[in-house]
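Report on the following structure.
Model, not experiment: these values are computed from the prediction.
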Amino acid sequence: MKSLQLYLNRQASSPGRYLLEQGVMGLAGWVPGLVGIALRGVLYRLILRMDGLAAIESRVRLRFAGNIRLGHGVYLDQGVYLHACPRGIEIGPRTIVMHGAVLHVYNFRNMPHSGIRIGADSLIGEYSVIRGQGGVEIGDRVYTSPFTQIIAVNHVFDDPNRPFIHQGITAQGIVIEDDVWLGAGAIITDGVRVGKGAVVAAGAVVTHDVPPHTVVGGVPARPLRTIDGTHPVPRDVPVYFDPTEVNG
């Protein structure tokens, strides 16, 4: 019984909520295509908050769904996993979460700043991982490429005589300001702020704050150049724009 109670405590805010959430997802979570998206657009309002219309593909896994809020026009691709302990997950309007991405607020230590907040018109790339124990704040028009990791938690391991799992954790939080691009496989560690308009190169490990409009790369990441308009794209390289962009 103790193991069963522990399992339920990791899945939903109460046994009743567990039955409701699992029942709704069992009924509608597997249905493919537009029919499934429409069905979930109606039924999932029973278990999470939607500000307008949101498109949720099949096989999206939700835990603590009552702590999830989706803005108008949000798209959750197949295989997305949202685990939203208290303080939860908020995804802003028109933001896209691509398949295999994991947004995880695993707060069972009563940490006060836990949660994941993502602004408008952002994109979370395929198989990206966001851990929100210390709190993750992501601005508008932030793009993460595939396999990026934003990890707002760290283990304490200074005592050689104790297993690290008994030494506690730190969770300072991560802030990523507007208009940031994170390259494929980039890792943002706990306690970091990435400034507005910055670019993090593929594979970089960011352990210190990144100034606005700065390109960083390497392990650990270091500044490579400032984005100041002096490095235009070569004239012989074509640039493509979204035809729906008004100011493209």
More than 12 heavy atoms of other groups within 6.0 Å of Leu4 CG: yes
Separation of [Y] [atom2] from [X] [atom1] (nearest 0.5 Å):
{"X": "Ile130", "Y": "Ile188", "atom1": "CD1", "atom2": "CD1", "value": "10.5 Å"}
{"X": "Met50", "Y": "Arg40", "atom1": "CE", "atom2": "CZ", "value": "9.5 Å"}
{"X": "Arg109", "Y": "Cys85", "atom1": "CZ", "atom2": "SG", "value": "12.0 Å"}
{"X": "Ile151", "Y": "Gln133", "atom1": "CD1", "atom2": "CD", "value": "8.5 Å"}
{"X": "Phe64", "Y": "Asn9", "atom1": "CZ", "atom2": "CG", "value": "7.0 Å"}

Can you give me the closest heavy-atom contact between [X] and [Y], atom names plus distance?
{"X": "Met98", "Y": "Val80", "answer": "O-CG2, 3.3 Å"}
{"X": "Leu182", "Y": "Ile176", "answer": "CD1-CD1, 4.0 Å"}
{"X": "Gly173", "Y": "Ala152", "answer": "CA-CB, 4.1 Å"}
{"X": "Arg49", "Y": "Gly66", "answer": "NE-O, 4.2 Å"}
{"X": "Thr95", "Y": "Ile118", "answer": "CG2-CG2, 4.0 Å"}
{"X": "Arg131", "Y": "Val136", "answer": "O-CG2, 3.5 Å"}

Check whether any side-chain heavy atom of Ile138 sits under 4.5 Å from a side-chain heavy atom of Ile150, and report yes or no. yes
Within a strict 4.5 Å, meaning less than it, do heavy atoms of the Ile47 and Met25 side chains meet? yes
Can [Y] be reached from [X] by stepping across I, L, V, M, F, W or Y side chains whose heavy atoms are under 4.5 Å apart?
{"X": "Val102", "Y": "Ile89", "answer": "no"}
{"X": "Leu20", "Y": "Val60", "answer": "yes"}
{"X": "Leu19", "Y": "Leu8", "answer": "yes"}

Walk me through whether Leu70 and Ile56 qualify under side chain to side chain contact (heavy atoms under 4.5 Å, CB included). CA-CA 10 Å; Leu70 305 180; Ile56 302 174; 3.9 Å; yes
Dump the intermediate steps for ring pair (Phe, Tyr, Trp, His ring centres under 6.0 Å) on His104 and Tyr106, then the final yes or no. CA-CA 6 Å; His104 206 298; Tyr106 200 76; 5.2 Å; yes
Determine which pairs satisfy salt bridge (Lys or Arg N to Asp or Glu O under 4.0 Å) with at least one residue from [range], sequence neighbours left out, and list them in order.
{"range": "residues 142-159", "value": "none"}
{"range": "residues 182-207", "value": "Glu177-Arg193, Asp179-Lys196"}
{"range": "residues 222-234", "value": "none"}

Check: Thr189 main-chain N/O paired with Thr207 side-chain donor or acceptor under 3.5 Å: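 Not confirmed, Thr207 side chain does not pair with Thr189 backbone.
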Name the orientation class of the two ring planes belonging to Tyr127 and His99 (parallel below 30°, tilted from 30 to 60°, perpendicular beyond 60°).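 Answer is perpendicular, since the angle exceeds 60°.
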Just checking, any donor-acceptor pair under 3.5 angstrom between side chains of Arg63 and Tyr81?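 Short answer, no.
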Does one side chain, of Ser128 or Thr148, offer a donor that lies under 3.5 Å from an acceptor on the other? yes
Could you walk me through whether Arg94 and Asp121 satisfy the salt bridge (Lys or Arg N to Asp or Glu O under 4.0 Å) test, starting with their C-alpha distance in whole Å, then the side-chain angles of each, then the deciding distance to 0.1 Å, before giving a yes or no? CA-CA 5 Å; Arg94 300 173 301 281; Asp121 300 303; 2.7 Å; yes
